[in-house]
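Step one of this worksheet: look at the structure below.
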There are 2 protein chains.
Amino acid sequence: MDVTEADLPAHDSSDCKAVNAVLGRVGDKWSVLIISRLGDRTLRFNELKREVGGISQRMLTLTLRGLERDGLVTRTVFATVPPRVEYELTALGHSLREPVDALARWALEHQPEIAAANRLYDQRSQRS
Amino acid sequence: MDVTEADLPAHDSSDCKAVNAVLGRVGDKWSVLIISRLGDRTLRFNELKREVGGISQRMLTLTLRGLERDGLVTRTVFATVPPRVEYELTALGHSLREPVDALARWALEHQPEIAAANRLYDQRSQRS
DNA sequence: GGAGATGGTCACATGGACGTAACCGAGGCA
DNA sequence: TGCCTCGGTTACGTCCATGTGACCATCTCC
């Protein structure tokens, strides 16, 4: 049987676009970190900022807006003073953690091989 | 028990770097497409260029170099004339397909939800 | 009265990602 | 002689993502 077509997950252009959109999100360092932090509990804007560490206010806002737009997090404003805004993973956001964690596990598992390949490659290119 | 630490896949900074390196690769549109194309058979440079479609020669070279450096593909030069160069997934490269395909499957599966969330978000922000 | 926290927005700068096009060297072919 | 293919490399330009720092309004606390 011909599996060459069947086991490519994204083959037509519309599928490809959807996959690339998700891949773009996942390729984004901040999105992944935020989803990871939001995994166990809801966090407020500045809590998130402190927890993630190193993210600028602007990027946090932008990233959260993107995640919200994709239906991965919910934003809840409490009209207290000072204002309080809580971010929480949606069910969709939680379900994304599974494949992302799988990828992270792969990265950790194969990190030594990648590092070794890097060293080998750099050694060779230096020799030339 | 306290699982808040245990089930975060990347927590210390070195792990985080490794994960981000892989996430960067995966977030790269071309890398994923190339790995996908190389999944079933080895391809030559221009075959790959034609198969992927829309990639510039420069980006193909750069992306392949990156993948080679990470030990995901092998580059084999045949000293024929005209020269022939074949690219092939390594075992490591093949193993990466599994989590990446999982992510792609997630994307396809949840594409309608994401699209719906997008529409809803855009509607709301337009109303404001 | 002034500073700080909260959750942003806006203007600006900059670096890196990416595309475009030219060039290359060896050989086949007309 | 000159053009084509293959598999690049290099120079150059452009655009977008991201960081920086200022500003805002409101309330509390010192």
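Values below: all heavy atoms of this structure, side chains included; hydrogens, waters and symmetry mates excluded. Sequence lines set the chain letters: A, B, ... in the order given, protein chains first and strands last, and positions in each chain run from 1. Predicted model, so just to flag it, every value in this text is computed and none were measured.
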**OP:** Ignoring backbone atoms, establish whether B:R75 has a side-chain N or O less than 4.0 Å from OP1 or OP2 of D:dG7.
**Re:** no
Original post:
Is the number of heavy atoms from other residues, nucleotides or ligands within 6.0 Å of CD (A:E47) greater than 12?
Top reply: yes
Original post:
Which nucleotide sits closest to the side chain of A:D28: D:dG7, D:dT18, D:dC27?
Top reply: D:dT18
Original post:
In terms of side-chain heavy atoms of A:V85, which of C:dG8, D:dC6, D:dT26 is nearest?
Top reply: C:dG8
Subject >> Residue met sooner reading DNA chain C from 5', once B:W30 and A:L64 are mapped to nucleotides >> reply: A:L64
Subject >> Selection from C:dG19, C:dG28, D:dG19 that lies nearest to any side-chain heavy atom of A:M59 >> reply: D:dG19
Subject >> 5' precedence on DNA chain D between A:Q57 and B:F45 (nearest-nucleotide basis) >> reply: B:F45
Original post:
Closer to the 5' end of DNA chain D via nearest nucleotide, is it A:R58 or B:V77?
Top reply: B:V77
**OP:** Report which part of the nucleic acid A:Y87 touches: base, sugar-phosphate, or nothing (heavy-atom distance under 4.0 Å, all strands).
**Re:** sugar-phosphate
Original post:
Donor-acceptor pair, B:R75 side chain versus B:E88 backbone, under 3.5 Å?
Top reply: no
**OP:** Give a yes or no on whether a salt bridge exists between A:R37 and A:E51, defined as a side-chain N under 4.0 angstrom from a carboxylate O.
**Re:** yes
Original post:
The side chain of A:S56 lies closest to which of these nucleotides: D:dG19, C:dG19, C:dG7?
Top reply: D:dG19
Subject >> Side-chain N or O of B:R65 closer than 4.0 Å to phosphate OP1/OP2 of D:dT9 >> reply: yes
